[in-house]
Undergrad: 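Below: one structure in structure tokens.
Every chain is numbered from 1 and lettered A, B, ... according to where its sequence line falls, protein lines coming before strand lines.
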2 protein chains.
Amino acid sequence: MAVSARRGTPLTIEEISSTAVRLIDEGGVEGLSMRKLAAELDVNPMSLYHHVESKEALLGLVCATAAQRMHMPPDDGAPWQDQLKALALAYHRHAREHPALWGYVHTHPQLINDHRLVIWQTLYRILRLAGVPEPELRRTSEILNAFVSGFIVAETHGHMSDDPEGVDRNFDTAVHLIINGMVSFSA
Amino acid sequence: MAVSARRGTPLTIEEISSTAVRLIDEGGVEGLSMRKLAAELDVNPMSLYHHVESKEALLGLVCATAAQRMHMPPDDGAPWQDQLKALALAYHRHAREHPALWGYVHTHPQLINDHRLVIWQTLYRILRLAGVPEPELRRTSEILNAFVSGFIVAETHGHMSDDPEGVDRNFDTAVHLIINGMVSFSA
DNA sequence: ACCTGAACACCGTTCAAGT
DNA sequence: ACCTGAACACCGTTCAAGT
């Protein structure tokens, strides 16, 4: 059988990807090396290159994997303000689970640039509901995404001072600021 | 004279720092290595460690250097909306000069966390003008900074689709959104 | 098909030695 | 005081060889 001498099972991309996600969660993107990942999988470093073209490709895969784990709020018929807030909360929860990965995606946005992704479609739907005209959808969603990402990266990297009145007050303020800005924008 | 065998002059921190800024501008943060920097300075790699404790410390120095080059708009007595926009423009211009460094600072915010820095003091002044109460100044400025940084990182990393009606329309929209949000916030 | 070991060209950094 | 060369423990990746 063409099977590793050190393991019983052959490698799978899922195994590689989810182990990489875990290592990054634990030690940051700069803490991940092909060699450490291979050791964690109990495999020769070079075996990885049979499933992944390069470290950069691996990181792309890892970002895609993490993005798929993000769970979008359904269309529950609520007002757009509430749905936008729910979406922001989904970002927030996901970012807290994978802070290091979030920072990486934010500075390597090619990895999430595909506007067919659910996350963009959800944002489009909510912005339509808010009355944003069709040709402005892309622009507007990119801006909102950048704002929320910026906030979350700052927060997960400790750039947000704690508020004595509650941990999530900064986040609430940020979301309210955006929503208020949108309201007076469409008026 | 205790002078390098390869150069006429001894190294200075300024020389190290500004050369590092240039290398990062040219090839990104991951393109900078101590060895390349030393080669660029025509010096032995180990000489750098006499002026800088580690690569991480060097990057801190580099961020500080770049931040000092950022030129703040003066208090010209204009309405807060205009001054806030002018400040955002200053960010924008600076980010376009050092895009790689901006991404790095944004994910390593310890480097700019000091609220005594001019940039924070300028933001505080404008927010006071906008009627933000004193105990909310820090929170509010952190949020706005995160928004604008998020936008600029997205933009400088190619995450913003081009607008046929003008390059800066996305930026204008973003700034207007924030200002409108602030207006209805204080009302 | 899938895995491996040796090798190459790089890293950051320590340390003892030079002037 | 400032600089250097050799060395150590790491990297990502190529390539020819194994099953």
Undergrad: Sort out the partner of D:dG5 for me: Watson-Crick or G-U wobble, both distances under 3.5 Å, none otherwise.
TA: C:dC15

Undergrad: Report the distance from atom CG of B:Leu32 to atom C1' of C:dC10, rounded to the nearest whole Å.
TA: 14 Å

Undergrad: Without decimals, in angstroms, what is the distance between B:Leu37 CG and C:dC11 C1'?
TA: 14 Å

Undergrad: Hey, which sits more toward the 5' end of DNA chain D by its nearest nucleotide, B:Leu48 or A:Ser54?
TA: B:Leu48

Undergrad: Identify which one of A:Glu134, A:Glu142, A:Glu136 satisfies the salt bridge (Lys or Arg N to Asp or Glu O under 4.0 Å) criterion when paired with A:Arg138.
TA: A:Glu142

Undergrad: Do B:His50 side-chain and D:dC3 base share a donor-acceptor contact under 3.5 Å?
TA: yes

Undergrad: Between D:dT4, C:dC3, C:dG12, spot the one nearest the side chain of A:His51, thanks.
TA: C:dC3

Undergrad: Output the single nucleotide from D:dT13, C:dT13, D:dC2 whose closest atom is nearest the side chain of A:Lys55.
TA: D:dT13

Undergrad: What's the closest nucleotide to the side chain of B:Ser47 if the choices are C:dT13, C:dC11, D:dC3?
TA: D:dC3

Undergrad: Find the distance A:Ile13:CD1 to C:dA1:P and express it as a whole number of Å.
TA: 16 Å

Undergrad: Could you grab the distance from atom CD of A:Glu14 to atom CD1 of A:Ile16, nearest 0.5 Å is fine?
TA: 9.0 Å

Undergrad: Between D:dG12 atom P and A:Leu58 atom CG, what is the distance in whole Å?
TA: 10 Å

Undergrad: In this structure, how many angstroms lie between the P atom of C:dA7 and the CE atom of A:Met46, rounded?
TA: 14 Å

Undergrad: Please report the distance, rounded to the nearest Å, between CZ in A:Arg35 and P in D:dA9.
TA: 14 Å

Undergrad: So if I apply the side chain to side chain contact (heavy atoms under 4.5 Å, CB included) rule between A:Leu58 and each of A:His51, A:Met34, A:Glu53, which one comes out positive?
TA: A:Met34

Undergrad: If you check every side-chain atom of A:Val43, which of C:dT13, C:dT4, D:dC11 has the closest atom?
TA: C:dT4

Undergrad: In whole angstroms, how far is the P atom of C:dC11 from the CD atom of B:Glu30?
TA: 13 Å

Undergrad: How many Å lie between CG on A:Asp42 and P on C:dC3, as a whole number?
TA: 12 Å

Undergrad: How about A:His92 and A:Glu155: does a side-chain donor come under 3.5 Å of a side-chain acceptor?
TA: yes

Undergrad: Going through the checks in order, is the side chain to side chain donor-acceptor pair (under 3.5 Å) test met by A:Thr173 and B:Arg139?
TA: CA-CA 9 Å; A:Thr173 306; B:Arg139 264 161 40 72; 2.9 Å; yes

Undergrad: B:Asn44 side chain: which of D:dT13, D:dG5, C:dG5 is closest?
TA: D:dG5

